[in-house]
Amino acid sequence: MPITLLYHDVTPIQAEDSSGFAGPEAARYKLTPEEFARHLAALAGKVTRSPLAASTPNELRSAPRDAWLLTFDDGGTSAITEIAGQLERRGWRGWFFVSTDFIGTPSFCTHSQLRELRERGHVIGSHSCSHPERISRCSPRQLLDEWQRSRAVLSEILGEPITTASVPGGFYSAKVARAAATAGIEVLFNSEPTTRLSAVDGCLVVGRYCVYRGMSDTDATCLIGDPLRRWRQSASWNAKKIAKKIAGPAYKLLRQQLLRRVSET
Ligand SMILES: [Zn+2]
């Protein structure tokens with residue numbers, strides 16, 4: 001049961017929009033290069049093996065207890081300009097999940113940058129085509145299209161079948177996984193903080209622990225080594241899930257207002 005960390009972009013302060021999705025909501029998950037370097041150094045001091053970069057369900061299922069993975073969502077340019085280099089200096093490789101409608105647009109990786117990432121040994125997977133605001137609300141037909149088309153685009157760019165994906169926005173549901181399985185995705189990462197693996201229609205579903213700007217290197221490292229810390233993130237995630245279910249749009253509005261206030265200060 002590998003432990004999987006979920007990162008996004010790595011951008012300097014005041015230049016958050018230079019990689020990946022723009023805006024204060026996305027910026028919360030973007031670490032500075034210095035922060036990211038501190039996280040990697042702290043992780044290196046704690047782990048006994050390199051992060052796993054094998055992408056078949058069997059390799060993940062049979063991974064040793066202390067196996068761990070580094071994943072990066074969205075496909076922003078910092079994957080190639082910052083993250084890959086920092087990982088490679090330690091002999092590590094990451095998993096990069098790309099929303100294919102944004103490939104080649106400003107602040108997102110181009111075709112050749114994705115090919116380069118792959119050639120340098122990183123795993124590339126789908127993060128849907130359009131990064132729907134709430135993918136769990138898409139119709140089964142839309143869902144199938146998001147997974148099938150993004151797979152086809154990436155397979156064409158990289159010249160190999162794409163069999164891994166991550167769910168955008170953390171809006172996972174069994175329906176989302178079923179569509180991914182039908183589209184040929186064999187391993188689907190969501191944002192549920194758990195090490196428990198599950199399967200939906202033969203597609204392996206893997207949870208992840210989210211890392212955000214301002215999280216200390218000690219806290220990030222504890223996610224790997226300290227089950228209690230992982231339990232805490234899991235408990236807070238479940239509490240938020242219930243709040244979202246009960247309050248729905250009111251919760252979203254309140255969160256946006258809070259974020260606006262933080263970004264104005
Ligand atoms: Zn995303």
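What's counted below: heavy atoms across the whole structure, side chains too, no hydrogens, waters or symmetry copies. Just so you know, ligand 1 is whichever comes first in the structure, and atom 1 is the first atom listed for that ligand.
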Item to check | S150 and S126: side chain donor to acceptor below 3.5 Å | outcome: yes
Checklist entry - Per the side chain to side chain donor-acceptor pair (under 3.5 Å) rule, which among E82, R89, E88 passes with Q86? => result E82
Checklist entry - side chain to side chain donor-acceptor pair (under 3.5 Å) with R208: which of T71, T194, N190? => result T71
Checklist entry - Do F97 and F72 have ring centroids that are under 6.0 Å from one another? => result no
Checklist entry - What is the NE2(H131)-the Zn ion (ligand 1)-NE2(H127) angle, to the nearest 10 degrees? => result 100°
Next on the checklist: Using a distance threshold of 2.8 Å, state whether an N, O or S atom of H8 lies below it from the Zn ion (ligand 1).
Outcome noted: no
Next on the checklist: Restricting to N, O or S atoms, which atom of D74 is closest to the Zn ion (ligand 1)?
Outcome noted: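 Nearest N/O/S atom of D74: OD1.
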